[in-house]
Engineer: 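To start, I am sharing the structure in question, which I have written as structure tokens.
Below, chains carry the letters A, B, ... as their sequence lines are ordered, and counting in each starts from 1.
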Protein chains: 2
Amino acid sequence: MSARKKTRTSRPTATRPDGRRRKRASERRGVTIRDVALRAGVSIATVSRVLNRTAPVDERKRVLVETAAADLGYIPNPAAQSLLGRRTGGIGVLLPYVSGEFYSELLNGLDSTAKELGYFLLISTSHDRLEEWQAGARAMFGRVDGLVVMSPILTPDRLEIRSDEPTVYVNTPGAPDGANGFFSIGFSNLEGTFEATRYLLEAGHRTIAHVRGPVAHADADLREEGFRRAMAGHPAEECPVVEGGYHQEEGFAAARVIAAMQPRPTAVVAANDYCAMGVISGLLDAGLDVPGDVSVIGFDGVPSGRYSHPTLSTVEVPVRRLGERAVRTLVDVIQGHRAPPTGVEMIPVSLVLRASSRSLVEP
Amino acid sequence: MSARKKTRTSRPTATRPDGRRRKRASERRGVTIRDVALRAGVSIATVSRVLNRTAPVDERKRVLVETAAADLGYIPNPAAQSLLGRRTGGIGVLLPYVSGEFYSELLNGLDSTAKELGYFLLISTSHDRLEEWQAGARAMFGRVDGLVVMSPILTPDRLEIRSDEPTVYVNTPGAPDGANGFFSIGFSNLEGTFEATRYLLEAGHRTIAHVRGPVAHADADLREEGFRRAMAGHPAEECPVVEGGYHQEEGFAAARVIAAMQPRPTAVVAANDYCAMGVISGLLDAGLDVPGDVSVIGFDGVPSGRYSHPTLSTVEVPVRRLGERAVRTLVDVIQGHRAPPTGVEMIPVSLVLRASSRSLVEP
DNA sequence: ACGGGGCGTGAAAACCTTTTCAAGAAGATC
DNA sequence: GATCTTCTTGAAAAGGTTTTCACGCCCCGT
């Protein structure tokens with residue numbers, strides 16, 4: 001019994017004298033570095049060195065190890081690797097939702113870039129609820145090398161993600177001046193609706209309605225503010241703001257309100273594209289023509305807008321690029337290529353005119 | 001030096017005599033179970049027992065440990081946990097793409113169910129390329145407790161995912177009879193278009209076109225087959241099949257072909273909803289009315305279809321439920337509640353008639 | 001009063017990899 | 001030929017957790 005103690009040295013798994021080990025290695029998960037070492041006739045240290053190219057190894061042994069690893073189909077156990085404090089190869093993505101084309105495009109950008117750079121994605125949604133945020137962040141803890149966070153409602157300091165991992169915020173308020181050391185990537189919410197509204201004014205529209213996005217969403221507030229600024233100086237009845245949301249139903253409901261207004265607006269700036277589609281649907285339903293009676297402009301530039309009927313004028317956000325920039329920046333920080341940035345990087349948006357809006361001045 | 005050997009016992013981190021450890025624990029990542037044990041004045045084994053409720057512990061110590069853990073904000077290191085071969089808490093999701101409403105709804109179902117059951121998602125896309133499949137599967141290895149795989153092109157045996165982890169296939173061909181021990185969840189591709197086509201026939205349409213999905217996609221093949229079976233016995237010119245795809249552009253292009261046909265079809269069964277929207281867009285563009293001149297029916301039941309114009313008739317697939325069933329089944333297997341099932345579970349689809357199709361017999 | 005049976009608890013092994021340290025071999029220089 | 005240097009290699013520690021094993025204690029029964 002006391003003699004056992006000193007035998008704590010490496011011995012081949014097969015020839016171990018005492019049988020009361022929990023499970024034979026082969027019964028457990030796949031092949032380990034031991035199996036490779038055994039087969040190649042070298043130590044596990046050498047195997048590690050070969051596989052990670054971390055030190056020069058004799059050519060013959062190198063080949064031996066490589067073929068042994070290939071034969072056995074050896075894949076290093078990621079848990080053991082990250083236990084050493086090395087990279088996990090994961091990027092955590094915290095989003096409010098995943099449904100809808102905006103998020104699917106965002107995910108697309110995040111995913112392709114992550115794949116290109118050799119990372120994979122861990123995803124968790126919060127539904128804008130603080131406890132789900134924190135549960136998600138806790139689940140990510142120690143499993144990822146960095147975090148991409150999009151939270152249109154809760155500001156970073158309220159989220160209290162006290163992660164040691166580098167974090168990039170996307171379209172998240174509360175770090176407007178790069179204060180608090182946060183870094184975020186945003187797009188021009190305010191300027192987007194401002195430009196869209198100004199275009200409508202220049203196109204001869206007088207009474208323009210805005211269907212705003214969900215309450216307390218910072219980006220919805222900014223879009224409303226852009227609309228208000230463009231309409232500054234116009235009488236209140238010429239720039240009504242209607243409660244809405246980011247989904248078609250809400251746009252549909254808002255359209256009923258707008259169709260009944262006196263004077264009736266000849267144009268609508270909607271919170272986003274889905275909302276705009278709902279608005280169009282509701283206006284048609286109320287017997288109005290789009291863009292004959294009412295012009296409608298959306299926001300986001302979702303792919304469907306190109307094929308909806310009428311095709312949708314919109315403020316186009318390069319969503320995929322947004323995701324790509326987020327991941328690239330994050331990976332740069334993770335790999336130490338650059339110091340953690342602070343501040344806000346703004347991605348410009350552009351007004352895309354299609355068939356759902358028309359000019360009244362040059363018919 | 002030789003005296004050191006026998007001191008391999010637990011000692012408080014702070015009082016270790018030799019200073020040549022790589023890093024002090026406190027400098028590394030957050031707090032460990034040792035810190036909690038130290039603060040609570042118990043052994044690490046007891047801390048583990050309290051936190052996992054794995055064995056009865058004296059009430060007073062339990063409280064002590066719990067407050068200590070809470071005070072320090074202790075989060076167990078997941079790498080160390082999964083190193084023991086325990087659960088990782090992750091579910092791997094391998095998809096061909098993530099863009100489009102079908103996938104975003106699927107993700108939604110997967111994500112909410114996973115969250116409900118205490119799992120998080122690892123996501124990787126393959127773009128239908130074998131090497132990306134295998135890279136994704138390798139990246140998942142050892143990081144997840146199970147896999148959800150959707151591969152409309154490559155069959156499970158061709159994918160060669162030799163994962164020890166339980167796997168649920170979604171809408172994946174090649175395990176039609178539950179052969180090879182695969183388990184998959186599918187929906188009625190063939191029956192869906194069959195029913196849609198039969199409806200159109202009963203509604204008085206004679207010449208009906210099918211715009212098919214991408215080549216080599218098993219589900220596209222099945223949908224075409226459903227169309228063909230419903231049209232069995234009709235002369236070939238009354239049931240043309242046009243090359244298409246799953247995106248709007250392809251539907252748009254197919255519409256040009258259909259608009260020029262002689263005799264011109266009065267109805268179109270499209271590969272999916274996006275395709276149908278493209279078809280509608282293309283038909284309108286060609287000066288035809290939908291559903292006045294041509295009826296169009298899609299497939300999938302994406303949310304946008306309710307608000308497109310005209311609103312879209314479709315074969316509705318309960319996509320969220322699909323995701324939910326996949327995760328629930330998988331977690332049941334992971335947790336040992338049931339043996340790994342084999343075979344196919346079919347989720348029924350339903351024909352939803354909206355404004356893009358009309359009956360010719362009862363006007 | 002003494003022996004046996006639970007029950008609670010701590011020590012230490014096990015999980016798998018990377019990395020450091022030391023040692024051995026080979027080569028080079030005087 | 002001997003010593004020193006360089007290069008390659010293996011042994012072992014470290015990383016944080018769970019789990020097993022064994023020990024000591026208390027309580028109960030005879």
Engineer: Could you pick out which residue, A/I44 or A/D58, lies toward the 5' side of DNA chain D when each is mapped onto its nearest nucleotide?
Structural biologist: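 So the residue in question is A/D58.
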Engineer: For C/dC16 and A/Q81 - does any side-chain N or O of the residue sit under 4.0 Å from the phosphate oxygens OP1/OP2?
Structural biologist: no
Engineer: Nearest-Å distance, CZ (A/R53) to P (C/dT19)?
Structural biologist: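 Checked: the CZ to P distance equals 15 Å.
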Engineer: Which nucleotide in the set C/dG10, C/dT19, D/dT17 lies at the smallest distance from any side-chain heavy atom of A/T54?
Structural biologist: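 The answer is C/dT19.
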Engineer: With the side chain of B/R34 defined as its heavy atoms from C-beta on, choose the nearest nucleotide among D/dT17, D/dT19, C/dG8.
Structural biologist: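 Side chain of B/R34 sits closest to D/dT17.
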Engineer: Under a 4.0 Å N-O cut-off, is there an ion pair linking B/E116 with B/R328?
Structural biologist: yes
Engineer: With respect to the phosphate group of D/dG10, does any side-chain polar atom (N or O) of A/K61 fall under 4.0 Å of OP1 or OP2?
Structural biologist: yes
Engineer: Nearest whole Å is fine: how far is C/dT9 P from B/L64 CG?
Structural biologist: 11 Å
Engineer: To the nearest Å, how far apart are B/R87 CZ and D/dT18 P?
Structural biologist: 12 Å
Engineer: Give the nucleotide from the list D/dG15, C/dT20, D/dG16 with an atom nearest to the side chain of A/L84.
Structural biologist: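 Nearest to the side-chain atoms of A/L84, counting from C-beta on, is D/dG15.
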Engineer: NZ/B/K115 to OG/A/S126 distance, rounded to the nearest 0.5 angstrom?
Structural biologist: 7.0 Å
Engineer: On the nucleotide D/dT17, are OP1 or OP2 found under 4.0 Å from the side-chain N or O atoms that B/Y74 carries?
Structural biologist: yes
Engineer: How long is the straight-line distance from CD1 of B/I123 back to CZ of A/F120, given to the nearest 0.5 Å?
Structural biologist: 12.0 Å
Engineer: State plainly whether the residues B/R320 and B/E324 are in salt-bridge range, i.e. N to O under 4.0 Å.
Structural biologist: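 No salt bridge links B/R320 with B/E324.
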Engineer: For a quick test of reading the model, state the closest non-hydrogen atom pair linking B/V144 to B/I91 and the distance between them.
Structural biologist: CG1-C, 3.9 Å
Engineer: Choosing from C/dG8, D/dT9, C/dC16, which nucleotide comes nearest the side chain of A/A80?
Structural biologist: C/dC16
Engineer: Name the closest nucleotide to the A/S43 side chain, picking from D/dT19, D/dG10, D/dT17.
Structural biologist: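 Among the listed nucleotides, the one closest to the side chain of A/S43 is D/dG10.
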Engineer: Take atom CG of A/L83 and atom P of D/dT18, then tell me their distance rounded to the nearest Å.
Structural biologist: 12 Å
Engineer: Would you indicate which nucleotide in C/dG10, D/dT8, C/dC16 comes nearest to any side-chain atom of B/V42?
Structural biologist: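 Nearest listed nucleotide: C/dG10.
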Engineer: To the nearest angstrom, how far is B/R143 atom CZ from C/dC16 atom C1'?
Structural biologist: 14 Å
Engineer: Identify, between A/A55 and B/N52, the residue whose nearest nucleotide on DNA chain D lies closer to the 5' end.
Structural biologist: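 Comparing both residues, the 5'-ward one is A/A55.
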Engineer: Verify the contact: side-chain N or O of B/N77 to OP1 or OP2 of D/dG15, cut-off strictly under 4.0 Å; return yes or no.
Structural biologist: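 No.
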Engineer: Over all strands shown, is A/S48 touching base, sugar-phosphate only, or nothing at heavy-atom distances under 4.0 angstrom?
Structural biologist: base
Engineer: Name the closest nucleotide to the A/R49 side chain, picking from D/dG10, C/dC16, C/dT17.
Structural biologist: D/dG10
